[in-house]
Amino acid sequence: MDWCKFLKFGEDNVRHWGERSGLKEFVLDRRPRMGSTARRIKNSAMGDMREVRSVYECWARKGVFRVCTGGVFFLLLIVALLPTTTGATGVDKRIWGAGASKLSGLIIPGFASTRLRAWAMLDCPYSPLDFSPLDPVWIDVRKVLSVLNCWLKCMMLDPETQEDHPECKSRPDTGLSAITELDPGYITEFGIEADAIVAVPYDWRLSGPMLEKRDLYFHKLKIAFETARKLKGGPSIVFAHSLGNNVFRYFLEWLKMEVAPKSYIRWLDDHVHSYFAVGAPLLGAAETLKGLLTGLTFGLPIAEGTARQMGNSFGSSLWMLPISPHCHADPKRCQKFLNGESPKHYVCDAEQQSSNHSGWPVDVVTIETPAPPSGVPGISSAYPEVPVQEESATAVVQCGVSSQKSYSAQELADGTFLREISELDPTLNVTLHHLYKYYLEDPVLNPLTPWERPPIKNVYCMYGIDLKTEVSYTFAPTAKPYPENWQITDIVYETEGGAMSTRSGAKVEGTYRQASGDLTVPYHSLSYCKNWLGPRVNISRTPQRAHDGLDVQEEFEVEHEKGQDISFNMNRDGRVKYITFFEDGTSRPGKKTAVWELDKVDHRNILRSPVFLRELWLETVHSYHPYAKKSFVSKAKREPLRDEDCYWDYGRARCGFPERCEYRYVFGDVHLGQSCRLRASTDDDRITTYL
């Protein structure tokens, strides 16, 4: 039926249409979600809403009220700006701007965040749990517990060739489920349609060159961008988390070899609108060394030695190796490769020579080789022989004093550490082979170099801070065989406020920072993206929860010298969690750069943080709003936009922000704050508050 032919406009005619349609329950309901005003029709008699939607579209064209049939939204792992149904978010279509519906979103997940499936039959003896094609491998805890050896055959790669085990092979799953199965619930939480999202999962066990050689991953990623543009008519938004940022960086370098040099920037402008780097380990993470020598179990019920054996078979195990910010790739690298020459692996600046720890707070790793007490027979064979200086050898043997040697980040990246340690542990020769073949001598990119700002219009870098994070380890050999032949004897942590401590209680001498990391990646590695900001930066610090603007602190045009942290003077209340914004919208014409630091948000859970999602959504809406006047979202206030933003004000014995929130108990609420929810109606669109 063509409802537009007979509909007149006004609420009386709306009711008239409802009666003619046979609706038992007909309600015009103003949706408050996300601060927008939208109306919907509740039809309890009709399950099919297609005719209702046609009426929506008719009324929307005539301007009777606002609907969200073209609403656009961000969420958690997604930066997808795509049309959704009216019942999904309740976002007014007009707040997004004319070009918003042309955008698509691509998600590049982090390490171990893509589900792997079996692509072959594997009969596991003495167990009914076999592997069949398309069975989940990463992660199926039942099979880890019951048929561990079979599971390892499907997970491990050949250390030399990076090929699959002869009896089993695994490949990354495809589509959105490849990501959401490992982090369930976030896609449906906001009602986003599945076809509004483009997920680009990958085999996180492989290095960059092998991703392209085996899976043609970067060719497929380029096609995904081009297909999204053809379907939507506009550029995409890239959302990368953790190792996904390293993968995207490799893609940008690989792309230079696929498109003409004069077309490279134009291709990026046409296909990538914004890049959101979340928890990016730009200078690596110390945990890489922990996995290399003792193993990371990822919380699985397996031994650390088993985890080490599995992880060291992956070519990607070195992708987040700690690196120095002062050593870059040879600027004539590509030309030398084309000429058949061997370029230098690194070109270091003067600061590398003057810095004590290659730009890190401390030396990343220390190897401790204990000397056996004299007179104890048989114990010397338990430890490998370590070359020591002749004048100190006597003292070591007589007193049993440990021999220690520390390695800086640059000595890790250039292979010095692996070359020397492989004399004590020959199994690490394979890892040294990976380092040269897939990293230092890769003609596309040496990933173990600091990253300059990508040539994309809008770049946002966000991460959590002020959590206890490991930045250095001391390892010592054990009397056990591989893979349990190393143990951790001490750990250096950076803690809240940038202070450092050790597990043993020993004093730490190093370079202190303004804050600590996000529980996984150290602060100086996360915050390296501040170097992407220009010489003058606007800084804002606001409480994370909804606020009226009284606690907002701002400093404008703060001077920033590249390579140095930004100095500013703002207060902190120990009882309040803040989010600090560093924004630059002027130094590069037509481009914006921003850095967000979220207090007490860890590396993985930043994807679940309501505060992070709120700011992400607001920034995206602001980018396309036709009336936006500022480069970035205003920080003056933050009203509740979701039920989770409402809270109980114990001082006033009511819900905070009473004009936006009300007390509404729902069965299952266990405290007063849970019962504070957004009011059932709002009077106007709140997005204009942030323009």
Side-chain angles (χ1 to χ4, degrees), residues 79-81 99 102-109 172 174 198-203 206-240 243-277 280 282 319 328-341 343 438-439 441-461 529 532 588-593 623:
V79 201
L81 298 174
K102 297 182 179 181
L103 294 171
S104 57
L106 272 75
I107 314 163
I108 307 178
T174 58
V198 181
V200 281
Y202 60 95
D203 192 336
L206 298 177
S207 61
M210 288 302 297
L211 278 174
E212 178 60 21
K213 180 180 179 180
R214 196 196 74 178
D215 297 343
L216 294 177
Y217 177 77
F218 298 110
H219 270 95
K220 295 176 182 177
L221 183 55
K222 180 174 179 284
I223 292 172
F225 277 108
E226 293 171 345
T227 303
R229 177 172 174 77
K230 288 181 179 180
L231 290 175
K232 299 298 178 182
S236 299
I237 293 175
V238 177
F239 186 92
L243 182 65
N245 293 282
N246 302 53
V247 173
F248 183 59
R249 178 195 182 186
Y250 195 94
F251 168 74
L252 293 180
E253 293 298 320
W254 172 88
L255 188 65
K256 292 178 180 179
M257 306 175 69
E258 292 295 313
V259 300
K262 295 182 179 179
S263 303
Y264 177 70
I265 298 300
R266 185 175 64 192
W267 191 97
L268 289 178
D269 290 343
D270 290 343
H271 295 86
V272 183
H273 179 274
S274 300
Y275 167 45
F276 290 85
L282 299 174
W319 213 336
H328 302 262
D330 188 342
K332 298 182 180 179
R333 174 186 177 88
C334 294
Q335 187 61 40
K336 289 183 178 180
F337 270 115
L338 293 175
N339 296 337
E341 303 175 18
Y438 301 127
Y439 297 89
E441 297 178 356
D442 180 10
V444 176
L445 169 71
N446 177 3
L448 303 180
T449 52
W451 191 9
E452 297 297 323
R453 184 192 186 279
I456 296 171
K457 290 181 179 178
N458 306 302
V459 177
Y460 299 85
C461 181
C529 55
W532 300 351
R588 295 178 176 88
K591 295 183 178 181
K592 297 189 299 184
T593 309
S623 298

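Atoms considered below: every heavy atom in the structure, side chains included; atoms not considered: hydrogens, waters and symmetry mates.
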Legend entry - Distance, nearest 0.5 Å, that separates CG of Asp215 from CG of Leu221: 12.5 Å
Legend entry - Pairwise side-chain contact, Val238 with Ile456, heavy-atom cut-off 4.5 Å (strictly under): no
Legend entry - Distance, nearest 0.5 Å, that separates NZ of Lys457 from NE2 of His273: 6.5 Å
Legend entry - Phe218/Val247 under side-chain contact (heavy atoms from CB on, under 4.5 Å): CA gap, chis, key distance, verdict: CA-CA 9 Å; Phe218 298 110; Val247 173; 4.0 Å; yes
Inset, instruction - Quick one: sort the Tyr275 and Trp451 rings into parallel, tilted or perpendicular, breaks at 30° and 60°. - result: tilted
Legend entry - Geometric class of the Tyr250/Trp319 ring pair [parallel <30°, tilted 30-60°, perpendicular >60°]: perpendicular
Legend entry - Gap between atom OH of Tyr439 and atom OG1 of Thr449 - 0.5 Å precision: 12.5 Å
Inset, instruction - Can you measure from OG1 (Thr227) to NZ (Lys220) and round to the nearest 0.5 angstrom? - result: 13.0 Å
Legend entry - Salt bridge Lys256-Glu253, side-chain N to carboxylate O under 4.0 Å: yes
Inset, instruction - Please check if the distance between the ring centroids of Phe225 and Phe251 is under 6.0 Å. - result: yes
Legend entry - Residue pair Arg229 / Pro235, side-chain heavy-atom distance below 4.5 Å: yes
Inset, instruction - Measure the spacing between CH2 of Trp254 and CG of Asp442 and express it to the nearest 0.5 Å. - result: 13.5 Å
Inset, instruction - Decide side-chain contact (heavy atoms from CB on, under 4.5 Å) for Asp203 and Arg214; before the verdict, give the C-alpha distance in whole Å, the side-chain angles of both, and the deciding distance to 0.1 Å. - result: CA-CA 10 Å; Asp203 192 336; Arg214 196 196 74 178; 2.8 Å; yes
Legend entry - Chi angles and distances behind the side-chain contact (heavy atoms from CB on, under 4.5 Å) call for His271, Lys222: CA-CA 9 Å; His271 295 86; Lys222 180 174 179 284; over 6 Å; no
Legend entry - Tyr438 OH to Leu211 CG distance, which is reported to the nearest 0.5 Å: 11.0 Å
